[in-house]
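For reference, the structure discussed in these notes is given below.
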Number of protein chains: 2
Amino acid sequence: MTTSHDVAKLAGVSQSTVSRALRGLPGISEKTRLQIQRAAEMLAYVPSDAGRSLSTKRTRVIGVVSAELTNPFFPELVEPMRAEFERLGYRMLLIPDSSENPLEIDRLADGTLDGVILTTVVLGSQLPHRLAARKIPFVLANREIDGIQADTVVLDNQLGGKIVASLLADLGHEKVAAILGPADTSVGRDRGTGFQQGLSERRIALLPERVRNEPFTYSAGHKATIELLAAAEPPTAIFCGNDVIAFGACNAVASLGLIPGHDITIIGFDNIEMSDWDLFRITTVNGDLKGMAENAARLLIRRIASPDGAPERITLEPELILRATHAPPLGMRLRA
Amino acid sequence: MTTSHDVAKLAGVSQSTVSRALRGLPGISEKTRLQIQRAAEMLAYVPSDAGRSLSTKRTRVIGVVSAELTNPFFPELVEPMRAEFERLGYRMLLIPDSSENPLEIDRLADGTLDGVILTTVVLGSQLPHRLAARKIPFVLANREIDGIQADTVVLDNQLGGKIVASLLADLGHEKVAAILGPADTSVGRDRGTGFQQGLSERRIALLPERVRNEPFTYSAGHKATIELLAAAEPPTAIFCGNDVIAFGACNAVASLGLIPGHDITIIGFDNIEMSDWDLFRITTVNGDLKGMAENAARLLIRRIASPDGAPERITLEPELILRATHAPPLGMRLRA
DNA sequence: GTGTAAATAACATACGTATGCAATCGATCA
DNA sequence: TGATCGATTGCATACGTATGTTATTTACAC
């Protein structure tokens, strides 16, 4: 591996001059700068990241803590983050954090990371506090934690839940079910309370046996839907905590020979790309994942630049996306 | 940030002793080792990655070059890689490489990476040669390049294409179409030639106007299917270069009011998780992505350990997965 | 030709860890 | 008791870059 010393020798200058010249710092004559650039090119010199990191104490690497990428939700959040970090001159290290394999703080604190984005954190997690204690810049994306001062980007999930409740009420549904996300995530909780609140404003009951808290996965959505529809009095509409659960619900409904948007109403949340596929066309709430990702990235970079200063909180607005999986309850239409 | 020097001072020993003690090297008495461990714990010491990298010239970071993660193919390849690298004590850095934003070699050669996995490389790419020139260990996963000596893990794509041809022939299809992948990828090419070869062995013609080379995306599959079915004499079966294209095809078919597996046969390739969803149940060829990922990871780690030695080539066997999107041509069934 | 200031380049050191080699300590054996 | 050996530990330095400080060169005015 060729170093700046090699370049210096070839160009007949000192190592420090090479360092300054190649980074375009002032105080180097054009003539020597050209000489050095030529030498660097000849040797295919690339500055050592480790050396630079050690010297500058910055790595230009961001850690993004997320769950399995095979859950189609995460790529839609992670990909625009990667793009935004790329633009900002940072690289992205993916760090898994699952309940089976919980993340240890030391994996984040070895100085590899200039900052961290948390996307999967549960309500009681100690991770944010530990990061704060070690003064590692971080931001919460798509999650919030009670009682912590930290940069945060979230959707107004409660409002989103309310919007769905209104829609179902307007359509005339009375037997309503919900497959919310896990109760220990802010997303699962807030979408649930918003939904519940919205329903009760419209005097619609949400029976406990029609409410589930499940992981944000296809299979959980599938299974829960089968079970909900097996009840003596099955619901006419199911609100899903996110689109991935809704995919499971739609597939489960299809496997029973029913058609979403005709026999039963299925509402998703997040508006990930797949929800617009012809076979789904899921009525959902736009979660603006791209906006969330980009804001989170920018917030983190700003926080790295100025570690002190009041934490910022960005709340994005949900928006109802009407597609093909909502309709008035079947009984009502038959009566008409 | 606390360093090994801080720990040394607190424990009353030298820095080198700290280094050896915490890594469990021999030549340290149990007594001092315990002292040092206690001190390290008190100070929440985590070794600096940059310092270690600089000294050892290894980073324990692997770069994985892939396309957009929002294409559901990649997470299924990348996720098991991440898991395997995790097991092997390495971390994974995702590096995008798209045709719009081509990857420069310097991004891989700054010493950040102990090795690289290439998953998206096109046939004429210079990247493998450049990596070889800089002596950066790498392996090709799911791709091969002609005329390069390198560790490679691939599926026998040609055989896979042949298997599909046999299936279609057995079912009695004569008007057959193919939406292959890009012609400049080994995967697109080999699945295509295998398919073509298999068909001609069964004396079935594959008309040029019924063959497309498209990117491995949902929208490409969707569009191409619409166009193929608009022909005067539409095909009765479409072989898709991978499952993602097949998703596009299935959705396109559905948007025309047809049912895959009834009105038309759609065959995918790779057997990614989604292909088993109730709404798809795509008949496909198992690409053993997990096996590919794990083998690639292990091969790379072995190559890092011993940079010289003959490159290894692992070929995985394709396997037909019969599900719901294949059937004899409609005309034949009507006649019967 | 001399003096001065500015421009340019070199020198020296810090960053944190790993490791070859020297030094020290204690114990064992003759 | 002294020599020797093995077990521990310390010392010194390398890794590659960045940067504060000092030295040198250049340009300019007188």
Side-chain angles (χ1 to χ4, degrees), chain A residues 1-40 43-61 89 106 109-114 134-136, chain B residues 1-40 43-61 89 106 109-114 134-136:
Chain A
M1 185 122 184
T2 87
T3 75
S4 54
H5 289 96
D6 303 327
V7 177
K9 201 175 294 174
L10 181 59
V13 297
S14 74
Q15 179 270 329
S16 52
T17 303
V18 171
S19 173
R20 283 189 253 257
L22 292 182
R23 281 179 307 139
L25 295 190
I28 305 287
S29 69
E30 266 321 293
K31 188 172 139 247
T32 49
R33 193 190 301 279
L34 277 174
Q35 256 175 42
I36 290 172
Q37 276 168 350
R38 206 170 1 248
L43 299 174
Y45 167 70
V46 183
S48 150
D49 216 59
R52 172 183 295 145
S53 294
L54 194 55
S55 189
T56 61
K57 305 199 156 199
R58 318 176 83 249
T59 63
R60 299 194 85 78
V61 173
D106 284 4
D110 61 358
T112 322
L113 305 175
D114 282 355
R134 305 220 190 184
K135 301 204 188 305
I136 297 173
Chain B
M1 190 132 178
T2 87
T3 75
S4 54
H5 289 96
D6 302 328
V7 177
K9 201 174 296 175
L10 180 60
V13 297
S14 73
Q15 179 269 330
S16 53
T17 302
V18 171
S19 172
R20 283 189 255 258
L22 293 181
R23 281 179 306 140
L25 296 190
I28 305 287
S29 69
E30 266 322 292
K31 189 171 138 249
T32 51
R33 193 190 300 280
L34 277 173
Q35 257 175 40
I36 290 171
Q37 276 169 351
R38 204 168 5 246
L43 299 175
Y45 166 69
V46 183
S48 150
D49 216 60
R52 172 184 293 145
S53 294
L54 195 56
S55 189
T56 61
K57 306 199 155 200
R58 317 177 84 249
T59 63
R60 299 194 84 77
V61 174
D106 284 4
D110 62 359
T112 322
L113 305 175
D114 282 356
R134 306 220 191 184
K135 300 204 190 305
I136 297 173

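Every chain is numbered from 1 and lettered A, B, ... according to where its sequence line falls, protein lines coming before strand lines. Heavy atoms only: backbone and side chains are in, while hydrogens, waters and symmetry mates are out.
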Any carboxylate oxygen within less than 4.0 angstrom of a Lys/Arg side-chain nitrogen, looking at B:D110 and A:R60? no

Going by an N to O cut-off under 4.0 Å, is there a salt bridge joining B:K57 and B:D114? no

Return the value, rounded to whole Å, for the distance between atom [atom1] of [X] and atom [atom2] of [N].
X     : N      : atom1 : atom2 : answer
B:R23 : D:dT9  : CZ    : P     : 15 Å
A:L34 : C:dT8  : CG    : P     : 13 Å
B:R33 : D:dA7  : CZ    : C1'   : 13 Å
B:R58 : D:dG16 : CZ    : P     : 16 Å
A:H5  : D:dC15 : NE2   : P     : 9 Å
A:K9  : C:dA9  : NZ    : P     : 20 Å
A:K31 : D:dT26 : NZ    : C1'   : 12 Å
A:D49 : D:dC15 : CG    : C1'   : 14 Å

Phosphate-side-chain proximity, [X] and [N], N/O vs OP1/OP2 below 4.0 Å:
X     : N      : result
B:T56 : C:dA18 : no
A:S16 : D:dA18 : no
B:K57 : D:dG16 : yes
B:T17 : D:dG10 : yes

Taking the minimum atom-to-atom distance to the side chain of [X], which one of [options] wins?
X     : options                : result
A:S14 : D:dG16, C:dA10, D:dT17 : C:dA10
A:L54 : D:dT19, D:dG16, C:dA9  : D:dG16
A:T32 : C:dA9, D:dT17, D:dC15  : C:dA9

Hey, which of these two, A:S29 or B:P47, hits DNA chain C nearer its 5' end, going by closest nucleotide? A:S29

Residue pair B:R33 / B:S29, side-chain donor-acceptor N/O under 3.5 Å: no

Just by distance, with hydrogens left out, do A:R52 and A:S48 show a side-chain donor and acceptor under 3.5 Å apart? no

Does A:R20 make a side-chain donor-acceptor contact with the base of D:dG20, cut-off 3.5 Å? yes

Side chain of B:Q15, base of C:dA18: donor and acceptor closer than 3.5 Å? yes

What's [X] touching, base or sugar-phosphate or nothing? Going by heavy atoms closer than 4.0 Å.
X     : value
B:S53 : nothing
A:S19 : base
B:V13 : sugar-phosphate

Ignoring hydrogens and geometry, is there a side-chain-to-backbone donor-acceptor pair from B:S4 to B:V18 under 3.5 Å? no

I want to confirm an ordering. Mapping A:M1 and B:G12 to their closest nucleotides on DNA chain D, which one lands closer to the 5' end? B:G12

Side-chain contact, heavy-atom cut-off 4.5 Å: B:R134 with A:V46? yes

